[in-house]
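Heads up: numbering here begins at 1 and tracks the sequence. These figures come from a predicted structure and were not determined experimentally.
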Amino acid sequence: MIWDSAPHNAFTDLIRYRDQWVCAFREASKHDGGVRDSRIRILTSDDGSAWTDAGALSDPRGDVRDAKLSITPQGQLMLLTAIQRFDTGERRQHQSIGFFTGDLKTWNGPIDASVQDRWLWGLSWHKDVGYSIGYQADSPQGDDYNANLYTTRDGRRFELHVEGLEQHTNKPNESAIVFEGDTAYCLLRAFGPAYLGTASPPYNEWTWTRTAVPVGGPELIRLPDHQQRGSRLLGGGRLYLPDNVRTTSLFHVDPQAGSIQEALRLPSGGDTSYPGMVWHEGSLSMSYYSSHEGRASIYFAVVGRE
């Protein structure tokens with residue numbers, strides 16, 4: 001456990017930047033959106049053992065939500081998140097925003113993404129183009145979700161690339177995209193079981209396969225070739241087990257078969273999930289949050305060290 005200072009610490013991401021670990025997550029009074037005390041906490045570490053508080057980011061216009069980290073083609077570290085706006089009453093409307101830094105000391109932002117009323121949940125770069133699925137809940141209860149695929153070259157201006165992903169899935173929302181060569185794979189959270197998507201350039205046409213497993217807070221990485229055990233795709237997120245048990249787990253992902261198979265269960269339970277995953281120096285390092293020891297806290301794990 002690397003952080004538990006707030007009443008609720010959750011929704012992590014993890015990255016390597018300038019030879020340091022950077023972990024980002026949301027601090028707030030509770031899990032649910034709409035609170036007025038939320039912020040994104042930034043931690044840094046040289047070795048994954050000792051962590052330094054590198055500050056917090058927020059936006060007075062709304063409740064800041066999940067932290068998603070990436071490195072832009074310009075070499076800046078970008079933190080993408082969204083605010084649940086305070087000025088829209090009962091209707092849940094979001095504005096995606098970005099913060100940018102080149103030194104982990106000074107951040108530029110919040111900068112509004114160019115798309116309106118969309119939660120851009122994550123950003124994956126391939127050949128200097130960023131891909132992000134942005135979703136929208138059209139009612140206060142979130143009964144009617146719709147989602148599009150957007151592209152960007154700077155993390156600020158996003159263009160519509162594919163409209164209407166909900167036509168092939170069931171109320172899509174959180175997602176993770178990874179590239180193997182020029183093939184794109186997507187792990188997509190939905191109402192009920194998750195979906196696996198596959199696309200080839202220019203990524204206008206996607207094939208979606210409904211899995212048998214719901215996944216919350218999905219993450220997806222490609223393992224190095226020498227780590228192949230069947231599929232090279234490794235996923236992480238919340239799995240829903242019998243008797244109302246919730247865990248953060250790692251799982252093998254086979255997009256051709258449309259299957260998800262649990263590989264490792266992390267120490268976790270209750271309110272948990274939203275991992276960040278990085279392959280570094282022969283092992284998988286990951287951040288996640290869990291409430292199995294009390295309040296929802298932030299954890300750092302190393303898996304499969306050689």
Practice problem: Treat each ILVMFWY residue as a node, draw an edge where side-chain heavy atoms are under 4.5 Å apart, and state whether V64 and M78 are in one component. | Solution: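 No; tracing contacts between hydrophobic side chains, which count when under 4.5 Å, never links both residues.
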Exercise. Could you state whether Y185 and V213 fall into the same hydrophobic cluster, counting links through intermediate Ile, Leu, Val, Met, Phe, Trp or Tyr residues with side-chain heavy atoms under 4.5 angstrom apart?
Key: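 Yes, same cluster.
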Quiz prompt | OG on S132 to CG on L123, rounded to 0.5 Å | solution =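 The OG atom of S132 is 5.5 Å from CG of L123, to the nearest 0.5 Å.
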Practice problem: Answer whether the closest heavy-atom distance between the side chains of Y145 and Q136 falls below 4.5 Å. | Solution: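 No - every pair of side-chain heavy atoms lies 4.5 Å or more apart.
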Quiz item: Between Y299 and E293, is any side-chain donor less than 3.5 angstrom from a side-chain acceptor?
Solution: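 Short answer, yes.
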Quiz item: ring-ring contact (aromatic ring centres under 6.0 Å, His included) with W125: which residues, sequence neighbours excluded?
Solution: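 Residues passing ring-ring contact (aromatic ring centres under 6.0 Å, His included) with W125: none at all.
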Self-check item: ILVMFWY network linking F25 to L79, side-chain heavy atoms under 4.5 angstrom
Solution: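 No, it is not one cluster - the side chains of F25 and L79 are not joined through contacts under 4.5 Å.
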Exercise. May I have the step-by-step check of side-chain hydrogen bond (donor to acceptor under 3.5 Å, both in side chains) for N9 and S297, ending in yes or no?
Key: CA-CA 5 Å; N9 311 270; S297 304; 4.8 Å; no
Return all side-chain donor-acceptor pairs below 3.5 angstrom for residues 260-273, not counting sequence neighbours, or 'none' if the list is empty.
residue	atom	partner	partner atom	Å
E262	OE1	R265	NH2	2.8
E262	OE2	S249	OG	2.7
E262	OE2	R265	NE	2.9
E262	OE2	R265	NH2	3.4
S268	OG	T248	N	2.8
S268	OG	L266	O	2.8
D271	OD1	H31	ND1	3.2
D271	OD1	Y289	OH	2.5
D271	OD2	H8	NE2	2.7
D271	OD2	H31	ND1	3.3
T272	OG1	T248	OG1	2.7
T272	OG1	Y289	O	2.7
S273	OG	G216	O	2.7
S273	OG	R238	N	2.9

Quiz item: Who pairs with F179 by ring-ring contact (aromatic ring centres under 6.0 Å, His included), at least two apart in sequence or on another chain?
Solution: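 Listed in chain order: H126, Y131, Y203.
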Exercise. Evaluate the side-chain proximity of V22 to L14: yes if any heavy-atom separation is below 4.5 Å, no if none is.
Key: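 Not in contact.
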Quiz item: H168 versus W206: any side-chain heavy-atom pair under 4.5 Å?
Solution: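 Counting from C-beta outward, H168 and W206 never come under 4.5 Å.
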Quiz item: Is any side-chain heavy atom of L284 closer than 4.5 Å to a side-chain heavy atom of M277?
Solution: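 A side-chain contact under 4.5 Å exists here.
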Quiz item: Are Y288 and W279 connected in the hydrophobic side-chain network, where two residues link if heavy atoms are under 4.5 Å apart?
Solution: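 Yes; W279 is reachable from Y288 via cluster members.
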Quiz item: Considering residues at least two apart in sequence or located in another chain, which fulfil the ring-ring contact (aromatic ring centres under 6.0 Å, His included) criterion with F158?
Solution: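 For F158 there are no ring-ring contact (aromatic ring centres under 6.0 Å, His included) partners, ignoring immediate neighbours.
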Exercise. Using the ring of F86 (Phe, Tyr or Trp, six-membered ring only), decide whether R36 places NZ or CZ under 6.0 Å from its centre and within 45 degrees of its axis.
Key: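 Yes, a cation-pi geometry.
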Quiz item: Looking only at heavy atoms, which two atoms of G237 and V215 are closest? And how far apart?
Solution: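 What the structure gives for the nearest pair is CA-CG1, 4.3 Å.
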Self-check item: W3 and E27: side chain donor to acceptor below 3.5 Å
Solution: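 A donor-acceptor contact under 3.5 Å links the two side chains.
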Self-check item: Which residues share a side chain to side chain donor-acceptor pair (under 3.5 Å) with D32, sequence neighbours left out
Solution: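 Result, side chain to side chain donor-acceptor pair (under 3.5 Å) vs D32: none returned.
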Practice problem: Give every residue pair that meets the side chain to side chain donor-acceptor pair (under 3.5 Å) criterion with at least one member in residues 46-63, sequence neighbours excluded. | Solution: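 Every side chain to side chain donor-acceptor pair (under 3.5 Å) pair that includes a residue of residues 46-63, provided the two are not neighbours, is R26-D63, S38-D63, R41-D53, S45-D47, D59-R61, R61-D112, D63-R65.
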Quiz item: Cut-off 3.5 Å, side chains only: do D66 and W121 have a donor facing an acceptor?
Solution: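 Yes, side-chain donor-acceptor contact under 3.5 Å.
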Practice problem: Hey, could you give me the CD1/CZ distance between I298 and F11, rounded to the nearest 0.5 Å? | Solution: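 That separation rounds to 9.5 Å.
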Quiz item: Can you find a side-chain donor-acceptor pair between T101 and D103 that sits under 3.5 Å?
Solution: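 Result is yes, a qualifying pair exists.
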Practice problem: Tell me yes or no: between the side chains of N146 and E166, is some donor less than 3.5 Å from an acceptor? | Solution: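 Judged by distance alone, the side chains do not pair up.
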